Visitor: 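Below is one structure. I have some questions about it.
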Amino acid sequence: SSSSSSSTSISVASESPWKEAVDQHTGKINKNCPCLDGFRDKPCFDPFIATLECFVAHDMAKEEAEARGETFITPEDTCVPVMTAFQSCLAALPASFWDDLERDEPSS
């Protein structure tokens with residue numbers, strides 16, 4: 001299998017590489033998880049964590065509602081504020097940051 005497409009979108013799905021950073025009971029993110037080592041010293045780490053925590057909390061609320069047999073209606077702007085802050089942070093980074101990041105990526 002070849003995964004040549006490099007994507008900058010963040011998946012918070014269960015197969016997310018950050019899944020092990022999530023406390024399955026509280027939904028809190030363990031910022032010291034080794035799975036976050038590549039991000040911790042980068043800009044936008046805190047807005048990233050806030051966005052991740054928001055999506056996790058949303059997913060947990062949805063699962064709990066469905067477990068009770070209820071239909072979960074996502075509040076319109078649930079994670080919009082934190083997501084916007086994260087995107088603004090990323091947008092403010094110089095192009096050189098992304099070039100360096102790409103160079104640091106291990107080519108598989």
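We're numbering straight along the sequence, starting at 1. Note that the coordinates shown come from a computational prediction; the quantities given were computed from them, not determined experimentally.
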Visitor: Which residue pairs pass the ring-ring contact (aromatic ring centres under 6.0 Å, His included) test with at least one member in residues 57-83, sequence neighbours excluded?
Guide: His58-Phe72
Visitor: What heavy-atom pair brings Ala21 and Leu36 nearest, and what distance separates the two atoms?
Guide: CB-CD1, 3.9 Å
Visitor: Return each pair, listed once, that meets ring-ring contact (aromatic ring centres under 6.0 Å, His included) where at least one residue sits in residues 21-43; pairs must be two or more places apart or across chains.
Guide: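 Listed by first then second residue: Trp18-Phe39, Phe39-Phe48.
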Visitor: Answer whether the closest heavy-atom distance between the side chains of Arg68 and Glu63 falls below 4.5 Å.
Guide: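 They are not in contact (no side-chain heavy atoms under 4.5 Å apart), so the answer is no.
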Visitor: So, taking the atom named CD in Glu53 and the one named SG in Cys79, what distance separates them when rounded to the nearest 0.5 Å?
Guide: 10.5 Å
Visitor: Nearest 0.5 Å, what's the CZ-CD1 distance between Arg40 and Ile49?
Guide: 8.5 Å
Visitor: Rounded to the nearest 0.5 Å, what's the gap from CD1 on Ile29 to OG1 on Thr26? Could you check?
Guide: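 Going from the CD1 atom of Ile29 to the OG1 atom of Thr26 covers 8.5 Å.
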Visitor: CG/Asp46 to NZ/Lys31 distance, rounded to the nearest 0.5 angstrom?
Guide: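 One finds 4.5 Å between CG of Asp46 and NZ of Lys31.
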Visitor: Rounded to the nearest 0.5 Å, how far apart are NZ of Lys42 and SG of Cys89?
Guide: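 These two atoms lie 13.0 Å from each other.
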Visitor: Can Val82 be reached from Met60 by stepping across I, L, V, M, F, W or Y side chains whose heavy atoms are under 4.5 Å apart?
Guide: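 Met60 and Val82: separate clusters.
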Visitor: Applying the 4.5 Å side-chain criterion to the ILVMFWY set and letting contacts propagate, would Val80 and Phe55 be lumped into a single cluster?
Guide: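 No: no chain of side-chain contacts under 4.5 Å links Val80 to Phe55.
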Visitor: Drop me the distance from Cys54's SG to Phe86's CZ, to the nearest 0.5 angstrom.
Guide: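 Separation between the atoms: 13.0 Å.
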Visitor: Between Pro81 and Asp77, what is the shortest heavy-atom contact and its length?
Guide: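 Smallest heavy-atom distance, with atoms named: CD-O, 3.3 Å.
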